*Asks:* 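Structure incoming, see below.
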Amino acid sequence: MDPTVLMQLAIEKCREGIAAGQSPFGCAIARDGAVISCSHNTVVLTTDITAHAEVNAIREACREIDNIFLDGAIVATTCEPCPMCMSALHWARVDTVYYGATIADADDAGFNELQLPAAELLRIGKSTLKLVPQVLPAECRQLFVEWKNNPNRVVY
């Protein structure tokens, strides 16, 4: 599946989340050419600080295929994964993660980011997961602007 098409799905799902009062993060997962999950961040909705878009999408994908491993899967996420999400993607054994906005973009939007780039975490951890930045970066950064225009937004 074309990573740009998958990212467009993640962006659309992110916008659904923003409209529902959630944070500006979306994630889509495909395997064998088919989308197996697409989710947005639900931290505020669920009062679960671990309910990031990537974690939600991993959970959904694993249920969909009835397996804890997502071997061969590709992931498109609107923002560079945080250390928690990057670890979960590694443990789920996805093949490649594509992202648009960066941790610095999320930090600039006011999120409490750990300043540990995903690529550095993978390097330190000796992960074989492939990480590809700059997939529709302007469109992904725009999601932060859209979110900031929501007067009921919650920053964490």
Side-chain angles (χ1 to χ4, degrees), residues 1-19 22-44 49-62 64 69-148 153 155-156:
M1 172 168 268
D2 181 336
T4 303
V5 172
L6 196 60
M7 185 65 80
Q8 285 290 350
L9 293 174
I11 290 168
E12 290 170 24
K13 186 57 80 168
C14 178
R15 286 193 171 117
E16 287 177 26
I18 292 169
Q22 300 306 299
S23 300
F25 303 95
C27 181
I29 301 176
R31 192 168 92 164
D32 300 326
V35 176
I36 56 174
S37 72
C38 191
S39 192
H40 61 76
N41 183 297
T42 59
V43 167
V44 175
I49 199 66
T50 69
H52 291 196
E54 297 92 338
V55 171
N56 289 341
I58 290 168
R59 290 173 177 156
E60 185 178 295
C62 289
E64 177 66 24
F69 299 121
L70 300 171
D71 298 289
I74 64 168
V75 174
T77 184
T78 59
C79 190
E80 180 178 0
C82 73
M84 175 186 70
C85 292
M86 195 73 262
S87 296
L89 290 159
H90 165 83
W91 292 323
R93 299 183 183 171
V94 303
D95 184 65
T96 305
V97 173
Y98 300 88
Y99 69 90
T102 65
I103 287 173
D105 296 324
D107 188 61
D108 289 346
F111 288 90
N112 183 26
E113 296 299 321
L114 288 172
Q115 298 302 311
L116 178 59
E120 183 65 6
L121 181 62
L122 294 175
R123 185 192 67 75
I124 292 167
K126 297 179 177 44
S127 179
T128 59
L129 187 153
K130 294 180 273 314
L131 187 64
V132 181
Q134 299 294 312
V135 176
L136 302 179
E139 292 89 335
C140 292
R141 282 191 299 272
Q142 177 62 28
L143 296 167
F144 290 114
V145 174
E146 294 171 24
W147 172 76
K148 282 184 172 184
R153 72 182 180 278
V155 180
Y156 52 87

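None of the values given here were measured: they were computed from a predicted structure.
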*Asks:* So which atom in Pro81 and which in Ala118 form the shortest heavy-atom distance, rounded to 0.1 Å?
*Replies:* O-CB, 3.8 Å
*Asks:* Taking the side chain from Ser23 and the backbone from Phe25, do they hold a donor-acceptor pair closer than 3.5 Å?
*Replies:* no
*Asks:* Do Leu143 and Ile11 have side chains that get closer than 4.5 Å, going by heavy atoms?
*Replies:* yes
*Asks:* To the nearest 0.5 Å, what is the distance between SG on Cys14 and NE2 on His40?
*Replies:* 8.5 Å
*Asks:* Looking at Val94, Asp95, Val97, Leu122, which hits side-chain contact (heavy atoms from CB on, under 4.5 Å) with Lys130?
*Replies:* Asp95
*Asks:* I'd like to know if the side chain of Asp107 and the backbone of Ala104 have a donor-acceptor N/O pair within less than 3.5 Å.
*Replies:* no
*Asks:* Taking the six-membered ring for Trp, are Phe111 and Trp147 closer than 6.0 Å centroid to centroid?
*Replies:* yes
*Asks:* Does a side-chain heavy-atom distance below 4.5 Å link Ser87 with Met84?
*Replies:* no
*Asks:* To the nearest 0.5 Å, what is the distance between SG (Cys79) and NE2 (His52)?
*Replies:* 10.5 Å
*Asks:* If only atom types and distance count, is the side chain of Glu80 paired as donor or acceptor with the main-chain N or O of Pro133 below 3.5 Å?
*Replies:* no
*Asks:* Could you check whether any side-chain N or O of Thr78 sits under 3.5 Å from a backbone N or O of Gly26, counting only pairs where one atom can act as donor and the other as acceptor?
*Replies:* yes
*Asks:* What are the two closest heavy atoms between Lys148 and Asp108, and how far apart are they?
*Replies:* NZ-O, 3.7 Å
*Asks:* Test side-chain contact (heavy atoms from CB on, under 4.5 Å) on Cys85 and Val55 and set out the steps.
*Replies:* CA-CA 6 Å; Cys85 292; Val55 171; 4.0 Å; yes
*Asks:* What pair of heavy atoms forms the shortest contact from Ala76 to Pro3, and how long is it?
*Replies:* CB-O, 4.3 Å
*Asks:* Just so I know, are the side chains of Ile36 and Glu64 near enough to count as touching, which here means a heavy-atom distance under 4.5 Å?
*Replies:* yes
*Asks:* Met7 and Leu136: side-chain contact (heavy atoms from CB on, under 4.5 Å), yes or no, with the steps?
*Replies:* CA-CA 7 Å; Met7 185 65 80; Leu136 302 179; 3.9 Å; yes
*Asks:* Could you give me the CA-CA distance, side-chain angles and deciding distance for Cys82 and Glu113, then say whether side-chain contact (heavy atoms from CB on, under 4.5 Å) is met?
*Replies:* CA-CA 7 Å; Cys82 73; Glu113 296 299 321; 4.3 Å; yes
*Asks:* Please identify which of these residues, Val75, Thr77, Leu6, meets the side-chain contact (heavy atoms from CB on, under 4.5 Å) condition with Ile29.
*Replies:* Val75
*Asks:* So, Glu12 and Arg15, do they make that salt bridge, N to O below 4.0 Å?
*Replies:* no
*Asks:* Main chain of Ile18, side chain of Glu146: is a donor-acceptor contact present, judged purely on distance under 3.5 Å?
*Replies:* no
*Asks:* Nearest 0.5 Å, what's the OH-CE distance between Tyr99 and Met86?
*Replies:* 9.5 Å
*Asks:* Find the distance between SG (Cys38) and CD (Gln8) and round it off to the nearest 0.5 Å.
*Replies:* 11.0 Å
*Asks:* Looking at Thr50, Thr42, Asn41, which one forms a side chain to side chain donor-acceptor pair (under 3.5 Å) with Asn56?
*Replies:* Thr42
*Asks:* Roughly how far apart are Arg141 CZ and Asp105 CG, rounded to 0.5 Å?
*Replies:* 5.5 Å
*Asks:* What pair of heavy atoms forms the shortest contact from Ser39 to Ala57, and how long is it?
*Replies:* CB-N, 3.8 Å
*Asks:* Hey, could you give me the OG1/CG distance between Thr96 and Leu131, rounded to the nearest 0.5 Å?
*Replies:* 9.0 Å
*Asks:* Would you confirm whether Arg31, through its side chain, and Gly72, through its main-chain N or O, come within 3.5 Å as a donor-acceptor pair?
*Replies:* no
